Structure formats: C-alpha cells, structure tokens
Asks: 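Got a structure here, written out as structure tokens. Questions coming.
So you know, we letter chains A, B, ... as the sequences are listed, proteins then strands, and number each from 1. The structure presented is a predicted model; accordingly, all values stated were derived computationally and were not measured. Below, all heavy atoms of this structure are taken into account, side chains as well, without hydrogens, waters or symmetry copies.
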Protein chains: 2
Amino acid sequence: MIVILLYLRIKFFSMISLLSNLKIAVPDKIFIKDPESSDLGKRIIEHSILLIDDIGFDSFTFKKLGAQIGSNESSIYRYFESKHKLLLYLTSWYWAWIEYQMVFATHNVADENDQLLRAIDVVTRTIKEDVAFTHINEIVLNRIIINEYSKSYLTKEVDSENKEGYFVVYKRVIRRLSDIISHVNPDYEFPSSLASTIVEGALHQHFLKAHFSSITDCGKDVTPTEFFISLTQKVLKTTTDESR
Amino acid sequence: MIVILLYLRIKFFSMISLLSNLKIAVPDKIFIKDPESSDLGKRIIEHSILLIDDIGFDSFTFKKLGAQIGSNESSIYRYFESKHKLLLYLTSWYWAWIEYQMVFATHNVADENDQLLRAIDVVTRTIKEDVAFTHINEIVLNRIIINEYSKSYLTKEVDSENKEGYFVVYKRVIRRLSDIISHVNPDYEFPSSLASTIVEGALHQHFLKAHFSSITDCGKDVTPTEFFISLTQKVLKTTTDESR
DNA sequence: GCAAAAATGATAGTAATACTATTATATTTG
DNA sequence: CAAATATAATAGTATTACTATCATTTTTGC
C-alpha cells in the first residue's frame with residue numbers, strides 16, 4: 001500500500017514530491033543530534049540558511065540564530081558543536097541533493113554524451129525554483145554554497161576532517177562526473193581534474209558574474225553551464241590528428 | 001648613471017636581481033602606513049607570511065604576530081587596520097609579482113601560442129625557488145594563496161572593497177591572460193571565463209593534490225600546468241568542422 | 001494519568017578576539 | 001638639541017565561541 005502510494009506520487013508529482021519523501025543523507029558525525037529529528041532542529045536548518053545568506057557566514061553566530069528562531073543559543077549547541085560543523089552539514093546536504101539530481105537526470109539516458117551534458121547542467125546551473133516541500137530553501141542554499149563553500153575546507157583541519165568523512169558527498173559527486181567523462185572519452189587523461197574544475201569552476205563563475213563581471217563572460221547572455229559544456233565538449237572531442 | 005647601473009644589473013643578474021631593484025606595487029589604500037617604508041613594516045610582512053602559513057589565517061592574530069617579531073600588537077595596527085587588510089596586501093603583492101613574471105615571460109616571444117603556454121605556466125606552476133633577495137618568501141606565500149586567497153574576496157564587503165580597488169591586480173592578471181587567449185584564437189567566445197578558470201582552477205588543483213587526491217589527476221606525475229595547458233590547447237584548437 | 005526521561009530555556013561564566021585609546025619611551029631628523 | 005615621529009606598554013571594550021549548571025517544559029512509556 002505504501003509502495004503503491006509512493007509510486008503514484010512519483011508518477012504524479014515527479015521529482016519535487018519524490019524529494020519530500022526521501023531524506024537526504026548527511027554523514028552523521030557532522031551533527032551531535034540529527035536536526036531532521038525535531039521541530040527545533042528543522043528551524044535551526046531553515047533559519048541558519050536564511051541568516052547566513054543575509055549576514056554572511058563570518059558574521060553568523062548561534063546567538064543571532066537563536067534570536068531569529070526565538071530559541072536559545074545553548075539549545076543550538078545541542079545540535080551542532082560549532083558553526084563550522086553547521087556549515088559542513090549544509091554543504092553536505094547540498095551536495096547530496098545535487099548528487100541525487102545528477103543520478104536522476106542521467107538515469108536511463110542511453111547516449112553517454114547526453115548523460116554528460118545533463119550532469120554538467122545539474123552541477124553548473126542556477127537554482128531557480130525552490131522545491132518548497134521542505135524547510136530548506138534551495139535557491140538560498142545555492143547562494144551560500146557559491147559564497148561560503150570554500151571556507152568549509154580551506155582550514156588547517158581539512159585532513160583530519162576529511163578522514164572523518166565530512167567531505168564524502170562532495171567527492172562522490174565529483175567522482176560520478178569523472179566517471180561519466182571517462183565513459184564519453186576513455187582516452188582522456190585527466191577526467192578527475194576536469195570534473196573538479198567544472199564543479200568548483202562553476203561556483204566561481206557564478207561568483208564572478210555577481211561581483212567581478214569584468215573577468216568573466218558569464219552574465220546576462222552566457223551562463224556558466226554554456227561555458228562549461230562548450231569547454232568540456234571541446235576537451236573531449238577526439239580529433240584524429242591528435243598531434244604529438 | 002643610475003640608469004646605466006640599473007641596465008647593467010638587469011643584463012647581468014637577470015630577473016632575480018631585477019626584482020630586488022623594482023618595487024612591487026600594491027594599491028596604497030590597503031595599508032595605513034607602507035610596510036616597505038620601515039624595518040618594522042618589513043618584519044611584519046615577512047613574519048605574517050610565515051605565521052599564516054604555520055597556523056592558518058583563521059587562527060592568525062596581530063597579537064601572535066607581535067610576539068613572533070618582538071613587537072607590539074598596537075604597532076602592527078599602525079600599518080594595517082585589520083588582519084583582513086593584511087591578507088589583501090599579501091595577495092595583491094603576490095598577484096603583482098605573478099603579473100610581473102607573466103609580462104617578463106611573454107615579452108618578445110613572437111609566436112602567440114608560445115606566449116600563451118608561457119603565461120599559463122606562470123599562473124599554474126608550483127613556486128619552487130625563493131627569490132631570496134627580499135624579506136618575502138615566495139614559496140610560502142604561494143602556499144598561502146592556495147589555502148587562503150578565496151577568503152580575501154568571499155566576504156560581504158567584496159563589492160565595496162572592489163570599488164576601492166583592492167582587487168585590481170588580480171583582475172589585471174586575468175585580463176592579460178584573457179587577451180593572450182583572444183590573440184591565439186580570436187573566435188573563441190569565452191576568453192575571460194577561460195582565463196579566470198585557469199587561474200582559480202590551478203590554485204584549486206594544487207589544493208586538491210595536497211588534501212583531496214582522489215578527485216584530481218594532479219600529483220606526482222601530472223602537474224596542474226600540464227592539465228591546464230592540455231585543456232586550453234584543446235579548447236582553442238579551431239576545428240574546421242565546427243558543427244552547428 | 002502520571003512518573004521518569006528527554007528536550008529546551010535561562011543564566012552565568014571564561015578565555016580569546018579584534019579592536020581603540022592613552023600614555024610613555026625610544027629614535028630620527030632638521 | 002628640540003621637535004617630530006615611531007614604537008612600546010598598558011588598559012579597556014564589546015563580541016565571540018564556547019562550557020556548565022540548573023530550571024522548566026514536553027514527550028513517552030507504562
């Protein structure tokens with residue numbers, strides 16, 4: 001019965017509804033208490049996204065967040081041991097959501113280059129619609145990723161945190177893209193570097209578009225998606241006269 | 001007389017000595033008092049580089065720096081109004097130094113593609129030799145750029161600081177590279193995005209190499225330089241059957 | 001329906017940060 | 001050598017990033 005209902009919802013409401021039934025999996029060492037497990041937890045996530053977007057991660061504090069949600073600083077500390085861990089949670093959630101879309105978008109697509117185009121689209125596009133079935137506003141979260149993601153790994157603790165598995169989701173997204181690249185052109189020598197360059201580069205181009213428009217071609221007419229699709233197609237095109 | 005001496009030094013000691021005669025120009029709104037103008041100033045720069053590399057920018061404070069150089073916190077504040085401004089100083093200095101090398105490396109090179117290869121080499125290579133004529137250790141500074149550069153612009157104040165001219169040097173480096181790209185292939189549609197992707201992407205690949213080796217091909221055998229040269233050559237190669 | 005457990009809230013406290021301000025002491029320079 | 005300038009020392013402030021404790025509310029298991 002549940003299975004049938006689920007199936008119908010998938011058919012009828014497509015991905016948007018599917019997501020409301022699935023739980024995005026975040027490595028559980030990141031939090032002390034799962035924010036998805038309570039109302040307060042969900043409010044913490046919902047409003048931390050809005051507040052970080054508003055004042056920036058550097059100015060964001062648990063005290064300010066507490067004020068926003070009418071809760072206490074000390075209660076937030078029962079979910080996350082630091083604001084850095086909260087950022088790791090948000091970014092992991094984001095990449096898990098991207099991963100899900102990538103799998104969904106490429107599934108059952110026969111042509112491998114077509115798969116690649118769809119995968120690149122998923123990781124480079126601007127999020128324009130809030131799924132709105134959850135407490136997480138993906139449009140705003142996407143902005144946070146553009147503006148703050150680097151700060152989650154540009155720390156002295158990267159290596160130990162990496163060992164703890166805090167970046168697995170991100171790495172998995174890149175490896176999936178890398179695998180698709182290798183399928184399209186098995187002779188290409190740098191699939192992982194190309195994949196990581198696309199993912200990181202797309203965030204960067206979005207940032208430049210908003211703040212340093214003179215050093216990007218992305219803007220009104222050109223999207224990061226177009227730029228990276230063009231680039232990837234050219235890089236992977238096997239020319240017969242592959243000189244030296 | 002001075003002119004003749006300078007000329008001789010250039011001829012005799014080449015770039016290393018040239019740099020010891022030239023002063024790298026940093027936008028002067030970044031500092032309160034020019035650190036190049038005094039002994040204390042130079043010690044601030046020299047040891048801030050070492051200390052940031054050692055403990056990371058996030059843990060770095062003027063108090064700790066003062067302790068290292070046997071000086072007082074309050075004296076450092078007379079040179080820079082905040083540690084953020086000091087980071088802007090270091091990064092501007094770095095990009096000015098890179099710009100200088102780029103101009104030097106491409107000057108008088110007849111073949112335009114050769115110019116491009118040299119320019120890419122300058123912005124993507126690992127710095128392996130300290131020029132050692134100044135108080136600035138370029139090897140260590142390069143590591144700081146890899147680990148901390150993004151933090152200089154991923155702030156809520158980017159737009160106002162950009163207006164103040166704090167990022168001009170960086171943007172000029174990218175524009176120079178973009179211009180060279182356009183000369184090699186005037187029909188290529190995204191020279192600025194390609195240039196910014198190479199510069200930022202190279203820093204990222206260096207970072208991945210050190211901390212997330214599973215999502216890059218760069219490592220022992222492959223350098224970011226090789227990856228980006230290969231990529232750029234493929235992207236700019238004009239194929240006659242440019243389909244659609 | 002109630003007791004125990006769990007969750008949340010309120011308050012206080014700490015060491016460190018990112019500064020500003022003031023005054024004292026060197027050092028430079030005209 | 002006096003005046004100006006640079007540096008050092010000290011103190012103070014508001015905020016941050018927490019930890020700890022205790023009180024209150026909510027949930028749950030029987």
Asks: Short of 4.0 Å, heavy atom to strand atom, which residues of residues 29-46 of chain B count as contacting DNA chain D?
Replies: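 When residues 29-46 of chain B is checked for heavy atoms under 4.0 Å from DNA chain D, the hits, listed by number, are B:K33, B:S38, B:L40.
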Asks: What is the distance, rounded to the nearest whole Å, between atom CD1 of B:I69 and atom P of D:dT7?
Replies: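 Spelled out: CD1 on B:I69 to P on D:dT7 is 10 Å.
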Asks: Sequence neighbours left out, what passes side chain to side chain donor-acceptor pair (under 3.5 Å) with A:S152? Give chain and number order.
Replies: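 None.
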Asks: Start at the 5' end of DNA chain C and walk down; is the nucleotide closest to B:S74 or to A:G70 reached first?
Replies: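 It is A:G70 whose nearest nucleotide is closer to the 5' end.
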Asks: Side chain to side chain donor-acceptor pair (under 3.5 Å) with A:K42: which residues, sequence neighbours excluded?
Replies: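 Partners of A:K42 under the side chain to side chain donor-acceptor pair (under 3.5 Å) test: none.
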Asks: How far does the helix from C:dG1-D:dC30 to C:dG30-D:dC1 bend, going by the axes of its first and last five pairs, to the nearest 10°?
Replies: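 Nearest ten degrees gives 20° for this helix.
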Asks: So where does chain B start and stop touching DNA chain C, 5' to 3', when the test is distance under 4.0 Å to a non-hydrogen atom?
Replies: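 The protein-touched segment is C:dT17 to C:dA21.
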Asks: Under 4.0 angstrom, heavy atoms only, what part of the nucleic acid is B:F80 near: base, sugar-phosphate, or nothing?
Replies: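 No contact.
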Asks: Please tabulate, one pair per line, all N/O donor-acceptor pairs under 3.5 Å involving side-chain atoms of residues 26-35 of chain B, not counting sequence neighbours.
Replies:
from, atom 1, to, atom 2, distance (Å)
B:K29, NZ, B:E164, OE1, 2.9
B:D34, OD1, B:E36, N, 2.9
B:D34, OD2, B:K23, NZ, 2.7

Asks: Going by the side-chain hydrogen bond (donor to acceptor under 3.5 Å, both in side chains) test, which pairs reach into residues 193-204 of chain A, not counting sequence neighbours?
Replies: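 For residues 193-204 of chain A, and leaving out neighbouring residues, the side-chain hydrogen bond (donor to acceptor under 3.5 Å, both in side chains) pairs sorted by first residue read A:Y153-A:E200, A:S193-B:Q205, A:S193-B:T216, A:S196-B:Q205, A:T197-B:Q205.
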Asks: For B:D159, is there an ion pair with B:K163 - N to carboxylate O distance below 4.0 angstrom?
Replies: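 Here B:K163 does not pair with B:D159 in a salt bridge, since their nearest N and O are not under 4.0 Å apart.
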Asks: Show every ring-ring contact (aromatic ring centres under 6.0 Å, His included) that has at least one partner inside residues 69-88 of chain A, sequence neighbours left out.
Replies: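 Counting only pairs at least two positions apart or across chains, the ring-ring contact (aromatic ring centres under 6.0 Å, His included) contacts touching residues 69-88 of chain A are A:F62-A:Y77, A:F80-A:Y89.
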Asks: Looking at OH of A:Y170 and CZ of A:R175, how far apart are the two atoms once the value is rounded to the nearest 0.5 Å?
Replies: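 Result: 11.5 Å between the selected atoms.
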Asks: Can you list the residues that meet the salt bridge (charged side-chain N to carboxylate O under 4.0 Å, His left out) rule with A:D54, with sequence neighbours excluded?
Replies: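 Once residues adjacent in sequence are excluded, A:D54 has no partner under the salt bridge (charged side-chain N to carboxylate O under 4.0 Å, His left out) criterion.
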Asks: Which residues pass the side chain to side chain donor-acceptor pair (under 3.5 Å) test with B:H206, sequence neighbours left out?
Replies: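 Applying side chain to side chain donor-acceptor pair (under 3.5 Å) to B:H206 gives B:K209.
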Asks: Scan nucleotides 12-17 of chain D against the protein and return all N/O pairs shorter than 3.5 Å with their distances rounded to 0.1 Å.
Replies:
none

Asks: For B:S74, which residues count as a side chain to side chain donor-acceptor pair (under 3.5 Å) partner, sequence neighbours excluded?
Replies: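 B:S74: side chain to side chain donor-acceptor pair (under 3.5 Å) contacts with B:N72.
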Asks: Select from B:S75 and A:R78 the residue whose nearest nucleotide in DNA chain D is closer to the 5' end of that strand.
Replies: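 Closer to the 5' end of DNA chain D: B:S75.
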Asks: State whether B:S71 places a side-chain N or O below 4.0 Å from either non-bridging phosphate oxygen (OP1 or OP2) of D:dA8.
Replies: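 It does, given that an N or O in the side chain of B:S71 lies less than 4.0 Å from OP1 or OP2 of D:dA8.
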Asks: So that I can tick it off, tell me whether B:E46 and B:R43 are bridged by a salt bridge, with the cut-off set at under 4.0 angstrom between side-chain N and carboxylate O.
Replies: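 No, B:R43 and B:E46 are not salt-bridged.
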Asks: Examine distances only and state if a side-chain atom of A:E148 and a backbone atom of A:F57 form a donor-acceptor pair shorter than 3.5 Å.
Replies: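 Yes; at least one donor-acceptor contact below 3.5 Å.
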Asks: Does the ring center of B:W95 lie less than 6.0 Å from the ring center of B:Y100?
Replies: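 No, they do not, as the ring centres are separated by 6.0 Å or more.
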